[in-house]
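One structure below.
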Amino acid sequence: MIQLSHPLPGARLRLVRVSVEGKSVELDGHPTGFDVFPDREIIAMHVNGTPADLARALQEDDELEPINISSPEGLQILRHSVAHITAQAVQDIFEAKLGIGPPIEDGFYYDFMIDTPLTEEDLRKIQKRMKEIVKANQRFTRVVVDESTARWQMKNEPLKLELLDKRNESLDEGNVEVDSGELTIYQNIDPRTGEIKWQDLCRGPHVPNTRIADKGFALTRVSAAYWLGNQNNQSLQRVYGTAWPDAESLAEYQQRIEEAQRRDHRRLGQELDLFSFPSEIGSGLPVFHPKGGIMRQVMEDYSRKKHLEAGYEFVYSPHITKQNLFETSGHLQWYADGMFPPMHVDAEYDENGDLKRQGQDYYLKPMNCPFHILIYKSRSRSYRELPLRMFEFGSVYRYEKSGVIHGLTRVRGMTQDDAHLFVTQDDLEVEIEKVLRFVLDLLRDYGLEDFYLELSTKDGGEKFVGDDQAWELATATLKRVAESTGLELVPDPGGAAFYGPKISVQARDAIGRTWQMSTIQLDFNLPERFELEYVGSDGEKHRPIMLHRALFGSIERFFGVLTEHYAGHFPPWLAPVQVVCVPITEDQQPYLEQFANSLRSAGVRVEVDSTDERMQKKIRNHTLAKVPFIVIAGEKDAEANAVSFRFRDGTQRNGIELNMAAQEIVDAIESRKQV
RNA sequence: GCCGGCAUGGCGCAACUGGUAGCGCAUCCGACUUGUAAUCGGAAGGUUAGGGGUUCAAGUCCCCUUGCCGGCUCCA
């Protein structure tokens with residue numbers, strides 16, 4: 001047993017026995033968490049499993065666990081507290097009403113109702129004020145209130161009053177302001193005067209004082225956000241910030257952001273001359289330049305080869321079709337908003353302007369599935385030919401809302417590496433398993449290694465086709481297959497499309513960001529709508545099950561993801577230019593030309609830099625262009641029948657014999673390894 | 001779609017409160033011929049995204065359109 005406080009001799013004691021991290025402790029007087037956790041790194045605690053402020057008075061038999069500022073929960077509390085400081089600063093400077101201010105990944109935000117939008121300069125002012133508040137070391141103080149007191153205290157905060165109204169209706173769990181338990185207000189109190197500087201309706205807990213935020217925070221941006229995330233509600237000003245236990249962690253975070261910016265595929269696409277978005281063409285419609293073009297070709301060719309090996313058949317379909325097809329498929333009912341408007345053709349009018357011939361509407365296709373279905377339906381099918389796997393690099397067009405278009409990751413015109421599989425109920429599980437393994441293997445070949453799976457299931461609601469039993473069976477099958485991979489499986493209840501559950505493959509890139517890649521989607525809907533059939537061994541007609549499967553999602557998006565994953569340092573097999581030869585003087589040019597020719601005949605993408613730049617400049621140019629192999633030869637190399645390698649990271653290897661050099665380059669390309 | 005910001009030679013940027021558009025890189029020409037990240041000199045290149053307006057005068061102020069950026073909402 002540990003005695004934490006030392007009572008005066010002879011004083012009468014009121015002893016409180018609590019358990020601290022499983023150890024029994026006796027405390028005297030009116031102890032709080034501060035008595036148990038004096039360490040400055042401990043900013044809050046769990047009391048009987050519930051997070052609480054350190055200032056909370058301890059009760060007999062309380063079980064206490066510390067919350068360290070650097071733990072995930074501690075960081076959330078810190079960030080939430082800094083959100084309060086932000087709000088106080090904003091209200092000190094502007095006439096603003098409070099929205100909500102929760103912690104988010106790596107930071108927090110706070111929403112405000114404010115007449116004039118905030119600017120970058122305002123952000124600096126707010127941050128300056130925040131520093132003053134931090135310095136003043138205000139105490140976060142929790143006050144339990146009843147509803148009428150809360151309403152009185154928040155009488156000038158219309159949005160908070162709205163939250164109190166909502167509390168009486170139904171409350172979302174995880175709401176940081178109020179929950180269905182007791183109502184609390186957090187007051188920021190000046191430690192010298194005891195004056196209440198600011199207060200907010202809030203569930204807490206919070207750090208003990210503003211000083212704890214110290215040097216580890218920064219406001220990052222302002223933007224608009226809808227009140228309660230509903231686009232029918234008013235638009236608020238959202239201030240984003242980040243907060244960390246110390247200045248070093250903040251700097252580290254800021255470096256991480258900079259690193260992500262350096263990797264931004266939009267920037268690298270420009271710098272490396274891979275692709276562009278000519279505004280003349282239209283928003284979200286990329287063109288691939290020769291360097292990006294060859295990369296795409298390599299990516300696609302490799303994918304084709306693998307699909308062929310895995311028993312897929314290649315099909316082709318047009319980019320537009322008559323309206324009727326998308327009526328049958330249901331796309332026009334469900335997704336008309338996301339489709340480009342129709343083009344009306346073939347209508348003819350006489351000289352009076354009267355209709356002579358009925359025209360019709362054609363649509364750009366947003367999906368390939370109806371076309372593949374028509375191929376399936378082109379003749380009757382036997383169970384013997386199932387599973388039937390149709391693959392197409394299918395170009396689709398979706399009318400994405402203007403505000404969501406983003407580089408190559410969200411476009412209006414894209415090419416899906418799309419496959420549709422028609423399977424019997426009996427083959428379903430085996431086939432899903434095959435598809436999932438195929439997908440993971442192929443992604444690994446492109447250099448992504450770290451995956452987890454997400455299982456999107458239906459969650460009540462009416463917007464679903466197919467009977468419950470079919471859903472349950474399909475969901476269970478997907479789950480079994482997903483689990484068999486041994487990868488982490490994250491449930492996504494309610495995430496299913498209306499026509500079927502799905503597994504999606506999420507990949508983590510080189511700097512730990514996750515991207516949704518492939519989806520494997522079950523479809524109960526389309527086989528029904530198109531009345532797909534096959535003849536079984538029993539001679540009867542049966543309905544096949546359809547699987548939709550996009551592997552990269554879209555080539556464009558995958559291209560963008562790979563660009564960011566590799567930061568433009570593509571492995572040789574993908575790099576647009578694999579080798580550049582740099583002669584030290586003009587004299588070595590023919591020597592290197594010959595070497596380059598031998599590589600070229602082995603299929604290597606190689607250039608000889610015969611410009612009259614100095615060789616240092618050439619090395620710089622090709623390093624910046626992120627060419628995997630720079631092959632240098634001077635007089636010494638030529639005499640020795642050798643060349644020198646220089647790599648993107650600046651390392652070099654000199655005097656490599658010509659055949660060895662060529663072999664090494666070809667091997668690196670063929671094995672798809674990174675150099 | 002919504003809120004805010006931005007748009008200047010191929011690229012990256014400059015031009016104070018309105019006063020006749022500059023720089024670096026890249027490009028082209030010439031000189032130099034060099035062992036691992038920028039040789040020197042010269043030339044050419046812009047109706048300041050497009051359209052309209054205010055003004056003696058607009059890159060700069062106002063309106064519309066297009067595109068981009070940061071978020072929100074959305075993503076079959």
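FYI, side chains are in, hydrogens and waters are out, and symmetry mates aren't considered; it's all heavy atoms of this structure. Numbers restart at 1 for each chain; the letters A, B, ... are given by sequence-line order, proteins then strands.
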**Request:** Round to a whole Å and report the spacing from CD1 of Ile405(A) to P of C74(B).
**Result:** 17 Å
**Request:** Could you tell me whether Arg263(A) and Glu259(A) make a salt bridge, using a distance below 4.0 angstrom between a side-chain N and a carboxylate O?
**Result:** yes
**Lys/Arg-Asp/Glu bridge criterion (N-O < 4.0 Å) met for Asp492(A), Lys502(A)** = no
**Prompt:** Looking only at atom C1', what distance separates C28(B) and G9(B), rounded to whole Å?
**Reply:** 15 Å
**Asked** Whole-Å distance between G70(B) P and Glu120(A) CD?
**Response** 13 Å
**Request:** Go through Ile545(A) and Asp523(A) one step at a time and tell me if the side-chain contact (heavy atoms from CB on, under 4.5 Å) criterion holds.
**Result:** CA-CA 7 Å; Ile545(A) 296 172; Asp523(A) 190 345; over 6 Å; no
**Asked** Got a salt bridge between Asp106(A) and Arg256(A), using NZ or NE/NH1/NH2 to carboxylate O under 4.0 Å?
**Response** yes
**Request:** Remember a base hit wins even if backbone is also touched, and classify Tyr240(A) as base, sugar-phosphate or nothing at under 4.0 Å, heavy atoms.
**Result:** sugar-phosphate
**Prompt:** Is atom CE of Met343(A) surrounded by more than 12 heavy atoms (other residues, nucleotides or ligands) closer than 6.0 Å?
**Reply:** yes
**Request:** In whole angstrom, give me the gap between the C1' atoms of C75(B) and U66(B).
**Result:** 24 Å
**Request:** Please state whether the phosphate of C75(B), meaning OP1 or OP2, lies under 4.0 angstrom from any side-chain nitrogen or oxygen of Arg410(A).
**Result:** no
**Item:** Nucleotide paired to A43(B) in any strand shown, Watson-Crick or G-U, under 3.5 Å
**Value:** U27(B)
**Request:** Scan nucleotides 30-43 of chain B nucleotide by nucleotide, 5' to 3', and note B when protein non-hydrogen atoms come under 4.0 Å of the base, S if they reach only the sugar-phosphate, - if neither.
**Result:** --BBBBBBBB----
**Request:** Before accepting this row, confirm whether a basic side-chain N of the pair Glu664(A)/Arg653(A) lies closer than 4.0 Å to the acidic partner's carboxylate O.
**Result:** yes
**Request:** Provide the distance between the two C1' atoms, one in C13(B) and one in C6(B), to the nearest whole Å.
**Result:** 14 Å
**Asked** Does G70(B) have OP1 or OP2 sitting under 4.0 Å from an N or O in the side chain of His406(A)?
**Response** yes
**Asked** Counting only Watson-Crick or G-U wobble pairs whose two distances fall under 3.5 Å, which nucleotide matches A57(B)?
**Response** none
**Asked** How many Å lie between CD on Gln234(A) and P on C72(B), as a whole number?
**Response** 17 Å
**Prompt:** Do any side-chain nitrogens or oxygens of Ser283(A) fall under 4.0 Å of OP1 or OP2 in C68(B)?
**Reply:** yes
**Message:** Roughly how many Å apart are C61(B) and G19(B), using the P atom of each and rounding to a whole number?
**Reply:** 11 Å
**C1' atoms of G71(B) and G53(B), separation to the nearest Å** = 32 Å
**Message:** With rounding to the closest Å, how many angstrom separate the P atoms on U33(B) and A49(B)?
**Reply:** 45 Å
**Message:** At less than 4.0 Å, is any side-chain N or O atom of Ser402(A) found next to OP1 or OP2 of G1(B)? Yes or no.
**Reply:** yes
**Asked** If you look at every strand shown and take non-hydrogen atoms under 4.0 Å, does Arg398(A) touch a base, only sugar-phosphate, or nothing?
**Response** base
**Request:** Name the nucleic acid region contacted by Gly284(A), choosing base, sugar-phosphate or nothing; use a 4.0 angstrom heavy-atom cut-off, strictly under.
**Result:** sugar-phosphate
**Request:** Rounded to whole angstrom, note down the C1' distance from A26(B) over to G52(B).
**Result:** 36 Å
**Item:** Selection from C69(B), A76(B), C72(B) that lies nearest to any side-chain heavy atom of Gln521(A)
**Value:** A76(B)
**Message:** Under a 3.5 Å threshold, yes or no: a donor from one side chain and an acceptor from the other, between Gln588(A) and Glu593(A)?
**Reply:** no
**Asked** Cut-off 3.5 Å, side chains only: do His372(A) and Ser317(A) have a donor facing an acceptor?
**Response** no
**Prompt:** Can you find a side-chain donor-acceptor pair between Trp227(A) and Asp111(A) that sits under 3.5 Å?
**Reply:** no
**Asked** Is the shortest side-chain N/O distance from Arg267(A) to OP1 or OP2 of C69(B) below 4.0 Å?
**Response** no
**Request:** Please report, rounded to the nearest Å, how far the P atom of A76(B) is from the CG atom of Asn525(A).
**Result:** 15 Å
**Asked** Which value, in whole Å, describes the distance between the C1' atoms of nucleotides G46(B) and U34(B)?
**Response** 37 Å
**Message:** Measure CZ/Phe275(A) against P/C11(B) and give the value in whole Å, please.
**Reply:** 15 Å
**Message:** For the residue pair Lys365(A) / Ser395(A), report whether a side-chain donor-acceptor contact shorter than 3.5 Å exists.
**Reply:** no
**Asked** So, is Tyr399(A) near the phosphate of C74(B), with a side-chain N or O under 4.0 Å from OP1 or OP2?
**Response** no
**Request:** Return the value, rounded to whole Å, for the distance between atom CG of Asp115(A) and atom P of C3(B).
**Result:** 15 Å
What N/O pairs connect the protein and nucleotides 5-7 of chain B at under 3.5 Å? Give each pair on its own line.
none

**Item:** Sugar-phosphate only, base, or nothing, as touched by Ser279(A) at under 4.0 Å among non-hydrogen atoms
**Value:** sugar-phosphate
**Request:** Choose from C3(B), A76(B), G70(B) the nucleotide whose nearest atom is closest to any side-chain atom of Met367(A).
**Result:** A76(B)
Would you be so kind as to tabulate the donor-acceptor pairs closer than 3.5 Å made by side chains of residues 640-648 of chain A, with sequence neighbours excluded?
residue, atom, partner, partner atom, Å
Ser644(A), OG, Asp637(A), OD1, 3.3
Ser644(A), OG, Asp637(A), OD2, 3.4
Ser644(A), OG, Asn654(A), OD1, 3.2
Arg648(A), NH1, Phe570(A), O, 2.8
Arg648(A), NH1, Lys626(A), O, 3.2
Arg648(A), NH2, Phe570(A), O, 3.1
Arg648(A), NH2, Gln674(A), OE1, 2.9
Arg648(A), NH2, Val675(A), O, 3.3

**Asked** Just how far, in rounded Å, is P of G67(B) from CD1 of Ile281(A)?
**Response** 12 Å
**Request:** With heavy atoms under 4.0 Å as the rule, sort Gln270(A) into base, sugar-phosphate or nothing.
**Result:** sugar-phosphate
**Request:** Count the heavy atoms of every other residue, nucleotide or ligand shown that sit under 6.0 Å from CD of Glu121(A), and state whether that count exceeds 12.
**Result:** no
**Prompt:** Using purine N1 to pyrimidine N3 plus N6-O4 or O6-N4 for Watson-Crick, or N1-O2 and O6-N3 for G-U wobble, both under 3.5 Å, which nucleotide pairs with C6(B)?
**Reply:** G67(B)
**Request:** Find the distance Leu236(A):CG to C2(B):P and express it as a whole number of Å.
**Result:** 17 Å
**Request:** Let me know, please, whether Met339(A) or Arg221(A) comes out on the 5' side of the other along RNA chain B by nearest nucleotide.
**Result:** Arg221(A)
**Asked** Across all strands, who's sitting opposite U20(B) as a Watson-Crick or G-U wobble pair, both distances under 3.5 Å?
**Response** none
